[in-house]
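Worksheet: the structure to be examined is printed underneath.
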Amino acid sequence: MASKKIIAICQSGGEFVTNNEDGFLTYTGGEAYALDIDDQTILADFKKEVAENFQCGTEGMTIKYFLPGNKKTLITISKDKDLKRMINFVKDSDQVEIFIIYDKAVVKNTTIVSGSRSTTASEAGLTPATPVDMIHCDDLLGADAAIDNTPLVVYPGSNDENNEKTRRAATQWENTITGVGQRFNSFAEFREALHKYSIAHGFTYRYKKNDSRRVTAKCKVEGCSWCIYASRLPTTQLICIKKMNGKHTCDGAAVKAAYRSTRGWMGSIIKEKLKVAPNYKPKDIAKDIEREYGIQLNYSQARRAKEKAREQLQGSFKEAYSQLPLFCEKIRETNPGSVATIVTKEDSSFHRLFIAFHASISGFQQGCRPLLFLDSTLLYAKYQGTLLAAVGVDGNDGVFPVAFAVVDEETNDNWHWFLSELKSAVSGSCPITFISDFQRGIRESLQNVFGEECYHGFCLRYLAEKLNNDLKGQFSHEARRLMIQDLYAAACAPKRESFDRCVENIKAISPEVYNWVTRSEPEHWANAFFCGARYDHLTSNFGQPFYDWVAEVNELPITQMVDVLRGKIMELIYTRRVESSQWVTTLTPLMEQKLQSETSRARSLHLLPSYGSRYEVRGESVELVDTDPWDCSCREWQINGLPCCHAIAVSESLGRSPYEHCSPYFSTESYHATYAESINPIPHLEKPIKGEPDMEHTVIVVTPPPTKRPPGRPKMKKVDTFDIVKRQMQCSKCKGLGHNKKTCGKVNNIEEQDPLVDEQDPLLLNGLVTVELEENAESMELESSFPM
């Protein structure tokens, strides 16, 4: 009987890191190869195979492994008996982790090279705990920064191409340290300069003293005389080099062949490029770093280096949450009348943040029509979250952000809170029409918060998506496309008669879908029945330009994200105020254009006085205009807010101006009132000084929410309104949907088939041929799928 094969994951070139909480060892960095072993494997042969994979010799090689369930103790394999004992320990498992360690004295000049990472063995010696003289990223970021000792790469001394790139780096950094008397603004700046200096001159070093008052470093080679000492100048914050011996007495052959690179240091390299190109991609970072410095990074390393660089430029994500109370206070101070509210949980972790600037509140109340679009978008920063927004529309049909909130997650409770804050900020005498999704707790919250003071219009885009999802697998692509098209036509239909014609078209395809549509509360989405004023806006993604702004900054720390959005709104208000100052028309340019178009159409109409204040207007259709309440039977006037061609024809016949019958929200005067106020800049936030009077008592300490960004690439693009119907997989044998010819079952033999119906669903086919079926039983699934 053949012995069981076990996969040995052989790792080398990394280091062990001790977990401070449980004392467990974790191996990080290096490279790995997978080898097969069993109880017949001989240690000498195994060592040779390992040496071939790692391109090194067997002399000085030590093999270690962890006992099952024990990550604190490393066991050494020195003879065949030890190897067989290890195999016996892990016989119930499919694999085992093995760590290859080399004696520095033996392999001082041995270089290890792999396709994805290159490591000098003399720098890869492993110890159970992290040595205190290793160079960590806190050497570059300051003593209060998080320690990151993950090695990214090491230069191989035997590679001529990499040596050339090393010389290129040396040209740039060989004078970052000039000698005694050189001054730096901080220890972090000195440590970074020292690191670059060591790279340029090809040596490694270790710290003898490294604290907030002084830094002493020596060459890492034992007995070498190179050293440097820097300390803080008295009564200043400057750091000065006090002593330096710049001559090396070491041979340094192996040392000069390589250097270590940390994530924090790599971040300091790319942060300058990140200033110029905020969307610098990790794959481009890896290419540029290899081209310029010969350092090979994989995608994950480049991404982490980018995060570190961004943190160096923008500040800590965690620190941003602690600054929120002060940030809200600054908003209220610099922009009086603004609303900036933060709510925390019982454990002081972040829960909610509401922002509405006075300029936005005043602009909405003074010049915008009472119409708000509610929507949300995910944030992809370190601690995630969701942004809820209320976006208005100005007199020129432009997006006007009114208020937004950042919450830990999208819940009914958070929507209720957001709408409560919104009501207190923008409440007025005129009922507000809201357009939003119907499934996210908004509907109930609107009823509870605004009551009879609002109208709720369902977003047609979300309604169409819901219908399309419910129809998948039951109808062909063409059938679904036609029914979605008829749904949009029914929503836009101004009168009951045209609405009925559209839904009858749906009924001709499927009575079940017809029942779904009629039970989906058309009074909330169809123009023919809706009581509020939507001004012909049917979807909640009208505010997409605002959400595009959010997409550009949603990976920033929360305070910076809010401040960038503030800046964009500030710029928007200023730009539109300046542009509109040149307008000389009564209405805004877009509305003026629409009115002139209707006026041109009115010239071809014929008027017949009926009785009293009523007129019959003949054109492509016959409509009735009443001048007493100024109403038209076509209902376009009531829906759009601009007089239709029929009303204009009657108005001109009476010698009256059509401008008298336009909504006041479309006037240039209202547009000027919308952008009359300005948003003021907010000063840079400084860290509160501990012990400052009243500071510790007035500022709430806010910690980040417990949620973090999940793995995987986030979905950044929303589905377009007219792209929701996607073609399904179709079988080339039976022409059925949802499978291909490989997974096709027995083909149903149906002689007469409607091209709009799935061939494999005889029940639906029968429903089209025989309309007199018992609809209640067959439509139960579709009807119950709509949230009532």
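Any value given below was found using the heavy atoms of this structure, including those in side chains, with hydrogens, waters and symmetry copies removed.
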Check the pair N554 / Y547 against side chain to side chain donor-acceptor pair (under 3.5 Å), numbers first and verdict last.
-> CA-CA 10 Å; N554 66 7; Y547 299 112; over 6 Å; no
If you look at every heavy atom in [X] and [Y], which pair is closest and at what distance?
X    : Y    : result
M570 : N680 : SD-C, 4.4 Å
L419 : V449 : O-CG1, 3.7 Å
P431 : Y455 : CB-CE1, 4.0 Å
S436 : I442 : OG-CG2, 3.5 Å
I484 : A464 : CD1-O, 3.6 Å
A493 : F499 : CB-N, 3.6 Å

State the [atom1]-[atom2] distance between [X] and [Y], to the nearest 0.5 angstrom.
X    : Y    : atom1 : atom2 : answer
Q593 : N396 : CD    : CG    : 10.0 Å
D437 : T539 : CG    : OG1   : 12.0 Å
I558 : Q323 : CD1   : CD    : 11.5 Å
Q447 : E444 : CD    : CD    : 6.5 Å
N335 : E677 : CG    : CD    : 10.5 Å
W630 : Q638 : CH2   : CD    : 12.5 Å

[X] (side chain) donor-acceptor with [Y] (main chain) under 3.5 angstrom:
X    : Y    : answer
S376 : L387 : no
S348 : T344 : no
W637 : H661 : yes
T433 : A533 : yes
T334 : K330 : yes
T575 : L572 : no

Between T411 and D413, is any side-chain donor less than 3.5 angstrom from a side-chain acceptor?
->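 The answer is no; no qualifying pair exists.
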When you check the side-chain N and O atoms of E579 and S581, is any donor under 3.5 Å from an acceptor?
->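 Checked: E579/S581 side chains show no N/O donor-acceptor pair below 3.5 Å.
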What residues, two or more places apart in sequence or in another chain, satisfy salt bridge (Lys or Arg N to Asp or Glu O under 4.0 Å) together with R618?
->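 R618 satisfies salt bridge (Lys or Arg N to Asp or Glu O under 4.0 Å) with E616 once adjacent residues are dropped.
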Relative to the ring of Y671, is the ring of W583 parallel (under 30°), tilted (30 to 60°) or perpendicular (over 60°)?
->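 The arrangement is tilted - the two ring planes meet at 30° to 60°.
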On the 0 to 90° scale, with breaks at 30° and 60°, tag the F546-F404 ring pair as parallel, tilted or perpendicular.
->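 The arrangement is tilted - the two ring planes meet at 30° to 60°.
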Do NZ/NE/NH1/NH2 and the carboxylate oxygens of [X] and [Y] come within less than 4.0 Å?
X    : Y    : answer
R501 : E504 : no
R656 : E652 : no
K568 : E552 : yes
E521 : R443 : yes

What residues, two or more places apart in sequence or in another chain, satisfy side-chain hydrogen bond (donor to acceptor under 3.5 Å, both in side chains) together with D408?
->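 Testing D408 for side-chain hydrogen bond (donor to acceptor under 3.5 Å, both in side chains), a comparison that skips the adjacent residues, returns K345, H351, N414.
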With E669 via side-chain contact (heavy atoms from CB on, under 4.5 Å) - residues at least two apart =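 E669 satisfies side-chain contact (heavy atoms from CB on, under 4.5 Å) with S667 once adjacent residues are dropped.
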Using the test side-chain contact (heavy atoms from CB on, under 4.5 Å), find all partners of E592 that sit at least two apart in sequence or belong to another chain.
->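 E592: side-chain contact (heavy atoms from CB on, under 4.5 Å) contacts with T585, L587, Q596, Y659.
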May I have the step-by-step check of side-chain contact (heavy atoms from CB on, under 4.5 Å) for N527 and L538, ending in yes or no?
-> CA-CA 9 Å; N527 280 338; L538 304 181; 3.8 Å; yes
Side-chain touch [X]/[Y], heavy atoms, less than 4.5 angstrom:
X    : Y    : result
L467 : N469 : no
W525 : F530 : no
C328 : L353 : yes

Under the rule for ring pair (Phe, Tyr, Trp, His ring centres under 6.0 Å), what residues qualify as partners of [X], not counting sequence neighbours?
X    : result
F434 : F450
H537 : F373, F542
F418 : F354, W415
H456 : F458

Could you go step by step and tell me if M591 and C662 meet the side-chain contact (heavy atoms from CB on, under 4.5 Å) rule?
-> CA-CA 9 Å; M591 297 306 165; C662 296; over 6 Å; no
Residue pair Y675, Y574: steps toward the ring pair (Phe, Tyr, Trp, His ring centres under 6.0 Å) verdict = CA-CA 7 Å; Y675 297 101; Y574 173 79; over 10 Å; no
Could you go through the side-chain contact (heavy atoms from CB on, under 4.5 Å) check for N412 and H416 one step at a time?
-> CA-CA 6 Å; N412 294 352; H416 188 279; over 6 Å; no
Under the salt bridge (Lys or Arg N to Asp or Glu O under 4.0 Å) definition, can you give me all pairs with a residue in [range], not counting sequence neighbours?
range            : result
residues 557-567 : D563-R566
residues 387-400 : R369-D397, D394-R576, D397-K594
residues 626-639 : R614-D626

If you draw a 6.0 Å radius around CD in E620, do more than 12 non-hydrogen atoms from other residues or ligands fall strictly inside?
->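 Open: at most 12 neighbouring heavy atoms sit under 6.0 Å from CD of E620.
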Does atom CZ of R601 have more than 12 heavy-atom neighbours, drawn from other residues, nucleotides or ligands, at distances under 6.0 Å?
->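 For R601, atom CZ is not crowded (no more than 12 foreign heavy atoms under 6.0 Å).
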If you look only at distance, which donor and acceptor atoms sit under 3.5 Å apart when one is on a side chain in residues 357-364 and the other is two or more places apart or in another chain?
{"residue": "S360", "atom": "OG", "partner": "P401", "partner atom": "O", "Å": "3.2"}

Start with the C-alpha distance between E329 and R332, add both sets of side-chain angles, then the distance that settles salt bridge (charged side-chain N to carboxylate O under 4.0 Å, His left out), and finish with yes or no.
-> CA-CA 5 Å; E329 183 180 335; R332 294 189 292 267; 5.6 Å; no
side-chain contact (heavy atoms from CB on, under 4.5 Å) assessment of V393 paired with C368 | CA-CA 6 Å; V393 52; C368 289; over 6 Å; no
